[in-house]
**Q** 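Structure incoming, see below.
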Amino acid sequence: MSEWLADYIIIGSGPSGVQAAQTLTEAGKTVAIIDAGLKTDNTGSSPASFIQTRQTDLQQYKKWVGEDFIATKQTNIRTGSQIAPSRKHINALTDELTPFLSENFFPMESLAEGGLGVGWGLGCCAFSDKELSRAGLPVAEMAKSYQVIADRIGISYTPDDTKPYTMPGIKNIQSGIQVDKNSTHLLRKYELKKNTFNKEGFFLGGPSLALLTSPKDDRPSVNYNEMDFYDDDAAAYRPAITLKQLSSAANFRHITGLLVTHFEETDTGCFVYYTDIKTKESGRFGCRKLILAANILGTSRIILRSARLYNTRLPFLCNHYSYVPSLQWRMLGRTDEQPRTATAQLFLFHDPEKNNEDVAMASLYSYRTLLLFRLLNQVPLGTRDGRILLQYLLPAITIAGIHQPDRKTSGKYIWIEKDDDSFNGIILRASAEIDEEEKRKYKKREALFLKTLKKLGLQPLKKIIPGYGASIHYAGTLPYDNSEKQLTLLPTGRLAMHRNIYVADGSGFAFLPAKGITFSLMANAHRTALNSMKE
Amino acid sequence: MELSKECRVLLRYITGKTPRENIVELFHRSAANLPALPAKEQRIWDKCIRYPLVLLPLADAGMAWRKPSSLFRQRMIHYAAIAESIPEYSRLFLPRKRSVFFPILVFFRAGYAAAKTLIGSLLLPAL
């Protein structure tokens, strides 16, 4: 092959791609990651805390609303850390380069270096054995992989009631973050009525996060300056950290500025075809094995186009997501000046059967660092009066983001169509019809969460359901299957009916637990990379 | 000139303070990014800027209730976001220690604000 690039080509530099790359590079293989690799020029960590910045920094508007004032534009998709202007490159150019059309599904895709991991909320929860089995993932392999990833990225967590749902059996975990006053009150209330909560299937505890509370390698511990949504503190794990480590390895390359369109398998390996996103010139690279880690939508585009399967439906999974701004009365009129993070402060799990199989989860955040202006339009009052009222309520506002598990249904599918006007000649389309039974189930569970929040001393103000896709957890397009059936994955991660093509993202998950997918994606990518070397 | 006047009026309305020139300049710059208002909303907006003491609080409150997703409100939130990003106004947006009697004040203020919303809603069709 004249265009030979490396033993392994990995498509995508998100959490899955970089972990697969690390595994292969450490095993001595030559590895190249190819992606569009869009970057931001607004990274790094600021020494000033959130409050200091608010009181002194004349240029702070660039952080909160952006130099181009982008944050005041309304959108129904971005949530949590994705809303920071410094992370606006997450979905830059996607409309242009990876067109997507749907009336009822609004996913976020990324062409950024680090992929969707750039805006990851840092929550790390391992799937239980039952969840892994339902997802089609081998339990023993995943258990080992979780440990490898935990050792690589560094996780902090305080062992408590939520341990079975977060870090079951995982060792070398750092102590948990110190939570804020708002959350301390909630934990106290929970401890007082713990038996009742547990009887109803609810378990509350500190968050397990990819955030260091002690230095690790050359990374510092968390600085508690509350700028987590806006800055890239090296204590927080991001794929860029692994990319930086790998960049010093002689057997690793990262090639950016390319959009991979399709592949072609040969007897000895495969060719990967790409288009340069600036020059629009096309080309190809050769490799022995290809690992796709372009997020389920990007991976589906490449696989369907490679097989010329236009209008062929693939199923998909996406966690139902809603969020509930709530008030903790006892915090009204108080200030909380202690150092803290802006990340999730608590995790609340709902496991009605107490068997860790059908678990829903809420992440609880104190609102302060997202600023008042985002709430002003939720209050039916004039701007000035709304500001005065919200300023008073601010220390008491907690946001509960509720995720629910998703299973395969016939109403949710994607497909590609030819589109000569688009950048790469195809458009990805999706349909997501949620049936009535599913809707009822979601609603019932949300009601249980709201009831529990009340018992914890939080008064829910409103339930907000953003556009379907806002959970940013997607999976299940090529479900794991033991037979060599087209458009499925073997449990090893190999694409059925191919010898040299592997998929290391969430495409194979046949069930999507509510616990947040990133930690499991990384563990799965590691084991897939290992399997690709064995076969 | 008109835009500078608009910035001053809105900042005074949102924060209760007369802005310094460099702040007006920042508002000016940010306003270039705003989408144009539909004709009817623009008419109401212009009247609000002309009669800020009476019309602005009422029309803004009315819009917050009747048309929270309107470009009129989006523009108002935009200005509030810029104001929130200026150090000298930060104490108007950050939590402050309050006395135990403060909720009574808030209660009356909320009642007064709700009355404005009601009057504003009734007034809007006439503007």
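By convention in this document, chain letters (A, B, ...) are assigned in the order of the sequence lines, proteins followed by strands, and residues within each chain are numbered from 1. Every value quoted in this text rests on a predicted model; they were computed, and no experiment measured them.
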**Q** Within this structure, what is the CD1-OG distance for the pair A:Ile51 and B:Ser90, rounded to the nearest 0.5 Å?
**A** 8.0 Å
**Q** Out of B:Pro57, B:Ala110, B:Pro103, B:Ala80, return the one with the most heavy atom pairs under 4.5 angstrom to chain A.
**A** B:Pro103
**Q** Between B:Phe93 and A:Leu372, which heavy-atom pair has the shortest distance, and what is it?
**A** O-CD1, 3.6 Å
**Q** Quick one: closest heavy-atom pair of A:Gln60 and B:Ser85, and the distance?
**A** CG-O, 2.9 Å
**Q** Where on B:Leu92 is there a heavy atom nearer than 4.5 Å to chain A: the side chain, the backbone, both, or neither?
**A** both
**Q** If I measure from the heavy atoms of chain A, does B:Ser99 come under 4.5 Å with its side chain, its backbone, both, or neither?
**A** neither
**Q** Let's test your reading of the structure: which of B:Arg66, B:Glu88, B:Arg29, B:Met63 forms the most heavy-atom pairs below 4.5 Å with chain A?
**A** B:Arg29
**Q** Would you give the length of the straight line joining atom OH of B:Tyr79 to atom CG of A:Leu376, rounded to the nearest 0.5 angstrom?
**A** 15.5 Å
**Q** So which part of A:Arg334 gets closer than 4.5 Å to some heavy atom of chain B, the side chain, the backbone, both or neither?
**A** backbone
**Q** Test your reading of the model: is there a side-chain donor-acceptor pair from B:Asp60 to the backbone of A:Gly382, 3.5 Å cut-off?
**A** no
**Q** Test side chain to side chain contact (heavy atoms under 4.5 Å, CB included) on A:Arg387 and B:Tyr89; report intermediate values, then the result.
**A** CA-CA 12 Å; A:Arg387 170 187 65 75; B:Tyr89 300 138; over 6 Å; no
**Q** At what distance, to the nearest 0.5 angstrom, does CZ of A:Arg54 lie from CZ of B:Arg91?
**A** 13.0 Å
**Q** Go through the atoms of B:Arg109 and report whether side chain, backbone, both or neither lie under 4.5 Å from a heavy atom of chain A.
**A** side chain
**Q** Measure B:Lys116 against the heavy atoms of chain A and call it side chain, backbone, both or neither at under 4.5 Å.
**A** side chain
**Q** Side chain, backbone, both or neither: which part of B:Pro35 has an atom under 4.5 Å from a heavy atom of chain A?
**A** neither
**Q** Let me know if A:Ile388 has heavy atoms under 4.5 Å from chain B in its side chain, its backbone, both or neither.
**A** side chain
**Q** Please classify the contact of B:Ser30 with chain A as side chain, backbone, both or neither, using a heavy-atom distance under 4.5 Å.
**A** both
**Q** Using non-hydrogen atoms only, which part of B:Leu94 is less than 4.5 Å away from chain A: side chain, backbone, both, or neither?
**A** both
**Q** Between B:Arg12 and A:Arg384, what is the shortest heavy-atom contact and its length?
**A** O-NH1, 3.6 Å
**Q** Tell me whether A:Lys439 at atom NZ has more than 12 heavy atoms from other residues, nucleotides or ligands lying less than 6.0 Å away.
**A** yes
**Q** So which of A:Leu389, A:Leu371, A:Asp57, A:Leu394 has the biggest tally of heavy-atom pairs under 4.5 Å with chain B?
**A** A:Leu371
**Q** For a quick test of reading the model, state the closest non-hydrogen atom pair linking A:Val65 to B:Ala81 and the distance between them.
**A** CG1-CB, 3.8 Å
**Q** What are the two closest heavy atoms between A:Leu381 and B:Ala64, and how far apart are they?
**A** O-CB, 3.2 Å
**Q** Give the intermediate values and the outcome of side chain to side chain contact (heavy atoms under 4.5 Å, CB included) for residues B:Glu84 and A:Arg374.
**A** CA-CA 11 Å; B:Glu84 194 172 7; A:Arg374 291 193 174 87; over 6 Å; no
**Q** Using the side chain to side chain contact (heavy atoms under 4.5 Å, CB included) rule, take A:Thr383 and B:Arg73 through it: C-alpha gap first, then chi angles, then the decisive distance, then the call.
**A** CA-CA 9 Å; A:Thr383 310; B:Arg73 277 293 288 172; 3.1 Å; yes
**Q** Under 4.5 Å from any heavy atom of chain A, what part of B:Arg75 do you find: side chain, backbone, both or neither?
**A** neither
